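To keep things clear, I will list the structure first and then write my remarks on it.
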Amino acid sequence: NRDKKRDKEKVKEKEKAKEKERGRDKEKERNWDRDKEKARERDKERNRDKDKEKDQEREKERHKDRERVRDKDRDRDRDKDREKNKEKEKEKDREEVDQNKEKDDVTKEGEKDREKIRDKEGDKDRGEKEKDKEKEKDEKKEKKEQEREKERDDRKKKEKRSRTPPRSYNSSRRSRSSSR
């Protein structure tokens, strides 16, 4: 009887030990699952942070690109303005030269007229020569008038040409460098 009792107690103890072992195993499994889940969450968080950093880098690059484009546009506009101002200056210079030329022509004509008046008063015999000179003078005046009209027409053509859109930035740079 005692042996039986002892055997039963041993069996009970063994079962209790097995139960404890099973409990420990389950606890280990739960801990292992919990650790695995925590690691997964940490990885997700790390990946989110990396993605944020990448997005920030991309945004910085886009911003830099926009800045570069803005700078190029500003430089191109500045060059265009500079070219326009140069053209305006050249046109002013041309007009000034033309005006001075016209003033000189008017002054010369006035001197010739005065000379003719003196010649008329001085000598009556030169009547025929006077007529010839007057014809020559009239012809010269006509020629000068035609030249002035031609210059005006040329100026108008140049102004029309200057109204055409400017050449592209690269081609104007190319022509400038080849002219040097």
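Every value quoted in this text rests on a predicted model; they were computed, and no experiment measured them. Each residue takes its place number in the sequence, starting with 1.
Salt bridge Lys64/Glu67: absent, no basic N to carboxylate O contact under 4.0 Å. Under a 4.0 Å N-O distance rule, the pair Glu13/Lys16 does not qualify as a salt bridge. Looking at Asp7 and Lys10, no side-chain N of the basic residue comes within less than 4.0 Å of a carboxylate O on the acidic one, giving no salt bridge. With respect to Asp73 and Arg70, no salt bridge is recorded, no charged nitrogen being found less than 4.0 Å from a carboxylate O. Using a cut-off of 4.0 Å between Lys/Arg side-chain N and Asp/Glu carboxylate O, Glu151 and Lys101 are scored as salt-bridged. Remark: Arg78 engages Asp75 in a salt bridge, criterion side-chain N to carboxylate O under 4.0 Å. The pair Glu91-Arg94 meets the salt-bridge criterion, with a side-chain N (NZ, NE, NH1 or NH2) lying under 4.0 Å from an Asp/Glu carboxylate O. A salt bridge links Arg24 with Glu21: the closest approach of a Lys/Arg side-chain nitrogen to an acidic carboxylate oxygen falls below 4.0 angstrom. Between Glu95 and Lys92 there is no salt bridge, since no side-chain N of the basic residue sits under 4.0 Å from a carboxylate O of the acidic one. For the pair Asp71 and Arg68, the salt-bridge criterion is not met [side-chain N within less than 4.0 Å of a carboxylate O]. The residues Lys133 and Glu136 are annotated as not salt-bridged, no charged nitrogen and carboxylate oxygen being separated by less than 4.0 angstrom. The pair Glu45-Arg48 meets the salt-bridge criterion, since a charged nitrogen lies less than 4.0 angstrom from a carboxylate oxygen. Classification of Arg30 and Glu27 as a salt-bridged pair holds, one side-chain N sitting under 4.0 Å from a carboxylate O.
Atoms NZ and NZ, from Lys157 and Lys150 in turn, are 8.5 Å apart once rounded to the nearest 0.5 Å. The distance from atom CG of Asn47 to atom NZ of Lys54, rounded to the nearest 0.5 Å, is 8.5 Å. Here the CD-CD distance, from Glu59 to Gln56, works out to 9.5 Å after rounding to the nearest 0.5 Å. Taken to the nearest 0.5 Å, the CD atom of Glu147 stands 8.0 Å off from the CG atom of Asp105. Atom-to-atom distance recorded for Lys158:NZ and Asp154:CG is 6.5 Å, nearest 0.5 angstrom.
At a threshold of 4.5 Å between non-hydrogen side-chain atoms, the residues Lys137 and Glu109 do not count as touching. Using a 4.5 Å cut-off on side-chain heavy atoms (C-beta onward), Arg46 and Asp49 make no contact. Contact check for Arg82 versus Asp79: side-chain heavy atoms found under the 4.5 Å cut-off. Residues Arg152 and Arg155 are in side-chain contact: their nearest non-hydrogen atoms beyond the backbone lie under 4.5 Å apart. Residues Glu15 and Val11 are in side-chain contact: their nearest non-hydrogen atoms beyond the backbone lie under 4.5 Å apart. Using a 4.5 Å heavy-atom threshold, the side chains of Arg148 and Glu102 count as touching. A heavy-atom distance below 4.5 Å is not found between the side chains of Lys38 and Glu41.
Counted within 6.0 Å of NZ on Lys144, heavy atoms from surrounding residues, nucleotides or ligands total more than 12; the atom is thus considered enclosed.
For Glu29, there are no side chain to side chain donor-acceptor pair (under 3.5 Å) partners two or more places apart in sequence or in a different chain.
For Asn31 and Arg34, the side-chain atoms include at least one donor-acceptor pair closer than 3.5 Å.
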